[in-house]
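Scope of the values below: all heavy atoms of this structure, side chains included, with no hydrogens, waters or symmetry mates.
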Amino acid sequence: MLLLCFLFLFILLLFPETAAEGSKSGLLLWAGVLVPSLLPFSVLTSLIRRTMSGRRCQYLLLAAGILSGYPIGAKVAGELYKDGVLSREKALFFAGFTNNPSPMFVIFFVAGSMLGMGSGQYLFYALVLLSSLLGSLCFLLFTKNTRHAQSAPVISAIAAPETPSAKSFSRLIDSEIASSALLLIKIGGYIMFFSIFAALLHQLPVIPYYAKLLLGGILEITTGDAMIAASPLSGHAKIILSLAATAFGGLSAAAQTNSVLQNTGLSFSRYVMIKVLAGLFGLLLGVLFF
């Protein structure tokens, strides 16, 4: 780990302008897109969870996770698991299924603007969701015989969520805004680092062009999909590879998700396995449909 840190520092010193541009683009993405879109969803879903019976609102919250984009789906699933509303298996299933890029990003930016799919952009998004669903289902089937006998969280070991009777509603809002702001700061740090990685990827001459396409899709979906869309590949090949990369989500989104799963008791490595399966299903569905 220490060797990698020194290597990354050395590369930053070799390409300071590229690193600064990558950091700047990541910061602009965070401040201009993620903060205004994720902060309201993060605060409101937590308030709903705290002020309503979890079992009554669980599917409403999980649907909000799908609509809001990374990493709210995993955040909601992890919180419902901590509350004892979802079992471990269900929480992992929903963390993998509901934690995807937002519909607006996939439909209008990736499929519409980058790939120019026209009316096919809605099919593209439907296949992203289907890939995530199949990845979660497949993972549960593979691990059916290796699950722990204890599938629900030990509530006594994890603090139960506070209710409005324990705190005034205004103080509860203050608490959720502070918690969501801290989460977004962590997400912003991950985005800046992975934006630097993606920018440096363009500058390293030792990496072959098509290897850069693959690494770009693995690192971060915004940069990866942009690289795929600008490549000399055929239109169908671009759609197939973008579908696989978008269904996987990239290591940047995985790192963001790790920040919301750390205190929930859910396994991050298992979540990553689900998203890898989702990416493979995205590749398969892309070949079948396109």
> Is there a side-chain contact between L266 and Y271 (heavy atoms, below 4.5 Å)?
Replying inline: no
>> Grouping I, L, V, M, F, W and Y whenever their side-chain heavy atoms are under 4.5 Å apart, do I191 and L182 come out in a common cluster?
In response: no
>> Tell me the closest heavy-atom pair linking A278 and A247, and the distance in Å.
In response: O-CB, 3.5 Å
>> Determine whether a donor-acceptor pair (N or O, by modelled atom type, separation under 3.5 Å) exists between the side chain of K238 and the backbone of S231.
In response: yes
>> Between W30 (side chain only) and G189 (backbone N and O only), is there a donor and an acceptor less than 3.5 Å apart?
In response: no
>> Which residue in the set S42, S175, S46 passes side chain to side chain donor-acceptor pair (under 3.5 Å) when paired with S180?
In response: S42
> For the rings on F193 and Y190, is their centre-to-centre separation under 6.0 Å?
Replying inline: no
>> Please list all pairs meeting side-chain hydrogen bond (donor to acceptor under 3.5 Å, both in side chains) that have one or both residues in residues 121-140, counting only residues at least two apart or in different chains.
In response: N100-S132, S132-K275
>> Less than 4.5 Å apart, side chain to side chain, heavy atoms only: is that true for I218 and L214?
In response: yes
> Do L13 and F6 share a hydrophobic cluster (ILVMFWY, side-chain heavy atoms under 4.5 Å, transitive)?
Replying inline: no
> Should F139 and F142 be marked as a ring-ring contact (aromatic ring centres under 6.0 Å, His included) after you check the CA-CA gap, both sets of side-chain angles, and the distance that decides it?
Replying inline: CA-CA 5 Å; F139 180 79; F142 284 162; 8.1 Å; no
>> On a heavy-atom basis, which atom in Y81 and which in L86 lie closest, and how many Å separate them?
In response: CD1-O, 3.4 Å
> Any link between V76 and I173 through a network of hydrophobic side chains (Ile, Leu, Val, Met, Phe, Trp, Tyr) touching at under 4.5 Å?
Replying inline: yes
>> Is the shortest side-chain heavy-atom distance between F108 and S113 below 4.5 Å?
In response: no
>> With a 3.5 Å distance limit and no angle check, can you tell me whether T223 reaches the backbone of E220 through a side-chain donor-acceptor pair?
In response: no
>> Within the supplied structure, the quantity of interest is the number of heavy atoms (other residues, nucleotides, ligands) at a distance under 6.0 Å from Y210 OH; does it exceed 12?
In response: yes
> Should T222 and F105 count as side-chain neighbours, where that means a heavy-atom distance under 4.5 Å?
Replying inline: yes
> Looking at I228 and S242, what are the two nearest heavy atoms and their distance?
Replying inline: CG2-OG, 3.5 Å
>> To check you understand the geometry: which heavy-atom pair defines the closest contact between M192 and L27, and what is its length?
In response: CG-N, 4.1 Å
>> Using side-chain heavy atoms (C-beta onward) and a distance below 4.5 Å, is L130 in contact with L134?
In response: yes
> Looking at G32 and P36, what are the two nearest heavy atoms and their distance?
Replying inline: O-CG, 3.5 Å
> Under the 3.5 angstrom rule, does the side chain of N99 hit a backbone N or O of A74 as a donor-acceptor pair?
Replying inline: yes
> Within a strict 4.5 Å, meaning less than it, do heavy atoms of the L241 and D225 side chains meet?
Replying inline: no
> Is any side-chain heavy atom of E79 closer than 4.5 Å to a side-chain heavy atom of V85?
Replying inline: no
>> Looking only at side-chain N and O atoms, does Q256 offer a donor or acceptor that is under 3.5 Å from a partner on S252?
In response: yes
> Do the side chains of L243 and L283 get nearer than 4.5 Å, heavy atoms only?
Replying inline: no
> In the single-linkage hydrophobic clustering (I, L, V, M, F, W, Y; side-chain heavy atoms under 4.5 Å), do L7 and L200 co-cluster?
Replying inline: yes
> Quick one: does K82's side chain have a donor or acceptor within less than 3.5 Å of a partner on T264's backbone?
Replying inline: no
> How far apart are the closest heavy atoms of T246 and I221, and which atoms are they?
Replying inline: CA-CG2, 4.2 Å
> Under a single-linkage definition using a 4.5 Å side-chain heavy-atom cutoff for Ile, Leu, Val, Met, Phe, Trp and Tyr, are L67 and I72 assigned to the same hydrophobic cluster?
Replying inline: no
> Is it the case that more than 12 heavy atoms not belonging to F268 sit under 6.0 Å from its CZ atom?
Replying inline: yes
